[in-house]
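Scroll down for the structure; my scribbles are underneath it.
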Amino acid sequence: NRADCWLDGMLEPERMGEALVGLTAAKDREMDCLAGLSVELAWQRCMARLGERERQALIAWSQAVERIRRGTGRHAETHRQMAREKLSECRVAVPAWVMPLYQVVQTVEPGAGLFDVVIVDEASQSGPDALLLNYIGKRIIVVGDDKQIRPQHVGVNRDDVTYLQQQFLRGVPHSDSYGLESSLYSMAALRFRNRIRLREHFRCMPEIIEFSNQLSYQTEPLVPLRQFGAKRLEPVKAVHVPEGFREGQGDKVINLAEAKRLVQQIVESSEEREYEGKTFGVIVLMGKAQATEISKMLLAELGAEEFEKRSLLCGTPYDFQGDERDIIFLSMVDAPQDGGFCRMDRREETQRKFNVAASRAKDQLWLFHTPTLNNLREECL
C-alpha cells in the first residue's frame with residue numbers, strides 16, 4: 001500500500017507540469033544573468049577605451065546632432081559638419097554605433113572603409129540611397145526579407161527615375177536594379193553569392209506563422225521554435241462582422257461596424273485574467289483612416305494609462321515593420337459592394353503587407369472581417 005501511494009504521488013500529472021515550469025523559469029533566470037553580465041563587461045571594456053579627448057568629442061558630437069534637429073535651419077549644414085568632425089575623433093573609442101540611415105548621412109564624413117563591419121537591419125526597407133554603406137564599411141552584412149515591405153516612394157515620378165538611370169548609369173551592370181521597386185536587400189541578393197537563409201522562427205506560435213508559410217514561404221517554410229504549454233491562448237481567432245460596410249476611398253476608407261467590434265473585443269480582453277501583462281497592436285489592412293478611428297475609440301474606452309500599459313499601437317503594416325506585440329488585432333476593412341464580390345487584389349505589395357501584418361503577433365492573432373469566402377474570388381489575396 002505504501003509503495004502504491006508513493007507511485008501515485010510520483011505519477012501525479014501536475015507534478016510534471018510544475019517541474020517543467022520551474023525548469024523553464026530557471027533557464028530564463030540564467031539567460032537574464034548572462035545577458036546582464038555581458039552588458040556590464042561590454043560597458044567596462046568601452047569605458048576603459050574612452051579617454052578624456054574621446055569623451056569630450058563624444059559629448060560634442062551628441063550636442064551637434066541635437067542642434068541639427070530637422071536639418072532645415074540656416075545653420076543646419078554647419079552643425080552637420082561639426083558632427084562629422086567630432087564623430088571622426090571619437091569613432092575608434094566607441095565599439096559599435098547604432099544609427100538610422102539618415103543620421104549616418106548627416107554625421108559621417110564619407111570615406112572608404114571607415115568601419116570594420118556594417119550591419120544593415122531591415123535592409124528590405126532601404127532604397128538605393130543606402131549603397132553608401134557599402135563604401136564606408138570594409139565588410140557589410142545585409143539582413144532583410146524580400147517577402148516583406150519595400151520602400152515607399154509616394155509622389156516620385158517614374159519617368160524621372162528612368163531618365164536619371166539612362167543619363168548617369170549607362171554602362172553600369174544591372175542599372176535597372178537601381179529603381180523605385182529596388183531595396184538594398186534586393187540589390188545585395190543580386191550581387192552577393194554567399195546568402196545565408198535563416199529558416200528558424202522564434203516569434204510566433206506555429207499556427208500563426210503557418211499563414212505566412214502558405215502565403216509567402218511555400219518553397220522554404222519557416223520552422224517555428226516557440227515552446228508552449230497546454231494553457232496557451234487560442235492562436236488564431238476570426239470574428240465575422242456581417243453588418244459591416246465600407247465607406248470612403250483610398251487612404252480614407254473605413255468600416256465603422258468592424259472598428260466598433262474590434263474595440264469592444266480589446267476592451268473585453270484587457271479585463272480578462274488570461275491577457276494580464278499582454279501587449280496589444282491593431283493593424284488595418286486597407287487605408288489609414290480606420291487605424292485613426294480605432295485609436296480614438298480605444299483612448300475613449302480604455303484611457304491613456306491602459307493604452308500605454310498595453311503598448312497599444314494602431315496603424316498599417318508599414319507602422320509595424322520590425323515590431324511585434326503579444327496580441328495583434330487585424331481589421332480587414334474591405335467589404336463587398338452591393339452584396340457582390342470584393343475587389344480582387346493580387347499585387348505583390350499586398351502580399352508583403354499581409355505577411356508583415358500576420359507575423360507581428362507572438363501569442364494570438366485576431367481577424368475582424370465583413371466579407372465571407374462567398375464574397376472573395378479564389379485568386380484574391
Side-chain angles (χ1 to χ4, degrees), residues 145-150 152-154 180-181 204 207-218 234-266 269 280-298 313-321 325 327-361 364-381:
D145 184 355
D146 58 352
K147 301 298 183 182
Q148 295 193 10
I149 295 170
R150 291 182 179 180
Q152 285 185 294
H153 299 283
V154 179
L180 291 179
E181 288 79 18
C204 306
E207 293 88 344
I208 297 174
I209 200 60
E210 181 58 25
F211 171 81
S212 292
N213 280 338
Q214 294 184 18
L215 179 72
S216 302
Y217 308 108
Q218 299 96 332
E234 186 178 346
V236 181
K237 295 180 75 78
V239 178
H240 184 215
V241 187
E243 70 276 16
F245 63 94
R246 195 183 81 188
E247 52 185 318
Q249 298 292 329
D251 281 342
K252 297 182 179 179
V253 63
I254 64 170
N255 187 325
L256 197 56
E258 202 173 276
K260 290 179 178 178
R261 183 65 186 86
L262 187 150
V263 169
Q264 178 188 345
Q265 183 58 54
I266 290 181
S269 297
F280 294 162
V282 178
I283 304 178
V284 301
L285 300 180
M286 179 179 284
K288 297 180 180 178
Q290 181 88 339
T292 304
E293 191 68 31
I294 291 173
S295 185
K296 290 178 182 176
M297 292 182 186
L298 285 171
L313 173 64
C314 303
T316 67
Y318 292 96
D319 300 316
F320 278 83
Q321 177 75 52
R325 293 293 186 276
I327 318 294
I328 287 290
F329 300 85
L330 299 182
S331 174
M332 187 177 283
V333 186
D334 202 5
Q337 302 296 297
D338 301 322
F341 288 103
C342 293
R343 183 187 61 184
M344 189 168 74
D345 196 340
R346 290 289 298 170
R347 294 174 297 172
E348 287 188 14
E349 185 57 30
T350 300
Q351 181 176 339
R352 295 189 187 101
K353 284 166 54 179
F354 288 178
N355 180 30
V356 169
S359 59
R360 300 307 95 188
Q364 189 176 59
L365 178 70
W366 290 76
L367 173 65
F368 294 81
H369 62 99
T370 296
T372 65
L373 289 177
N374 295 328
N375 307 121
L376 300 171
R377 292 180 173 86
E378 189 174 345
E379 301 82 10
C380 182
L381 285 167

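Just so we're clear, the structure is a prediction, and the values are computed from it rather than from any experiment.
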Item checked: Nearest heavy-atom neighbours spanning Gly244 and Ala335 -> O-CB, 4.4 Å
Checklist line | Steps toward side chain to side chain contact (heavy atoms under 4.5 Å, CB included) verdict (Asn375, Thr370) | finding: CA-CA 9 Å; Asn375 307 121; Thr370 296; over 6 Å; no
Next item on the list: Could you go through the side chain to side chain contact (heavy atoms under 4.5 Å, CB included) check for Phe280 and Ser269 one step at a time?
Entry: CA-CA 10 Å; Phe280 294 162; Ser269 297; 4.2 Å; yes
Notebook entry, point to check: Roughly how far, to the nearest 0.5 Å, is the CD atom of Gln290 from the CG atom of Asn255?
Noted result: 6.0 Å
Notebook entry, point to check: What closest approach, in Å, do Arg360 and Phe320 show between heavy atoms, and which atom pair accounts for it?
Noted result: CD-O, 3.2 Å
Check: Could you state the interatomic distance from CG (Asp345) to CG (Leu285), rounded to the nearest 0.5 Å?
Finding: 11.0 Å
Note to self: Within the 4.5 Å heavy-atom criterion, are Leu381 and Leu215 side-chain neighbours or not?
What the structure shows: yes
Checklist line | Candidates Ile328, Asp319, Ile327, Ile266 - the one meeting side-chain contact (heavy atoms from CB on, under 4.5 Å) with Val282 | finding: Ile266
Check: Once you round to the nearest 0.5 Å, how far does CD of Gln321 lie from CG of Asp145?
Finding: 8.0 Å
Item checked: Aromatic plane relationship, Phe329 with Trp366 - under 30° parallel, 30 to 60° tilted, over 60° perpendicular -> parallel
Note to self: For the CD atom on Gln218, are there more than 12 heavy atoms of other groups (residues, nucleotides or ligands in this structure) within a distance under 6.0 Å?
What the structure shows: yes
Notebook entry, point to check: Which distance, rounded to the nearest 0.5 Å, do you find between the CG of Asn355 and the OG of Ser212?
Noted result: 4.0 Å
Margin query: Does Glu349, at its CD atom, have more than 12 non-hydrogen atoms belonging to other residues, nucleotides or ligands within less than 6.0 Å?
Written below: yes
Check: If you look at every heavy atom in Val333 and Val284, which pair is closest and at what distance?
Finding: CG2-CB, 4.1 Å
Check: Would you say Phe245 has more than 12 foreign heavy atoms packed within less than 6.0 Å of its CZ?
Finding: no
Check: Looking at CD of Glu210 and SG of Cys204, how far apart are the two atoms once the value is rounded to the nearest 0.5 Å?
Finding: 11.5 Å
Check: Considering residues, nucleotides and ligands other than Arg377, do more than 12 of their heavy atoms fall under 6.0 Å from its CZ?
Finding: yes
Next item on the list: With side chain to side chain contact (heavy atoms under 4.5 Å, CB included) as the test, would you mind laying out the steps for Lys260 and Met297 before giving the verdict?
Entry: CA-CA 8 Å; Lys260 290 179 178 178; Met297 292 182 186; 3.9 Å; yes
Margin query: Looking at every non-hydrogen atom in both residues, tell me the closest pair between Pro317 and Val356 and how far apart they are.
Written below: O-CG1, 3.7 Å
Next item on the list: Could you tell me whether a side-chain N or O of Gln364 sits under 3.5 Å from a main-chain N or O of Glu234, the two making a donor and an acceptor?
Entry: yes
Next item on the list: With the side chain counted from C-beta on, respond yes when His240 and His369 share a heavy-atom pair under 4.5 Å apart, and no when they do not.
Entry: yes
Margin query: Looking at every non-hydrogen atom in both residues, tell me the closest pair between Glu207 and Pro235 and how far apart they are.
Written below: OE1-CG, 3.5 Å
Notebook entry, point to check: So Ser359 and Ile208, side chain to side chain contact (heavy atoms under 4.5 Å, CB included) or not? Walk me through it.
Noted result: CA-CA 7 Å; Ser359 59; Ile208 297 174; 5.9 Å; no
Check: What's the spacing between Ile294 CD1 and Ser331 OG if we round to 0.5 Å?
Finding: 4.5 Å
Notebook entry, point to check: In this structure, which one of Arg246, Glu258, Met286 forms a side-chain contact (heavy atoms from CB on, under 4.5 Å) with Met332?
Noted result: Glu258
Next item on the list: Provide the closest heavy-atom pair for Ser216 versus Lys147 in the form atom of the first, atom of the second, distance.
Entry: O-CE, 3.4 Å
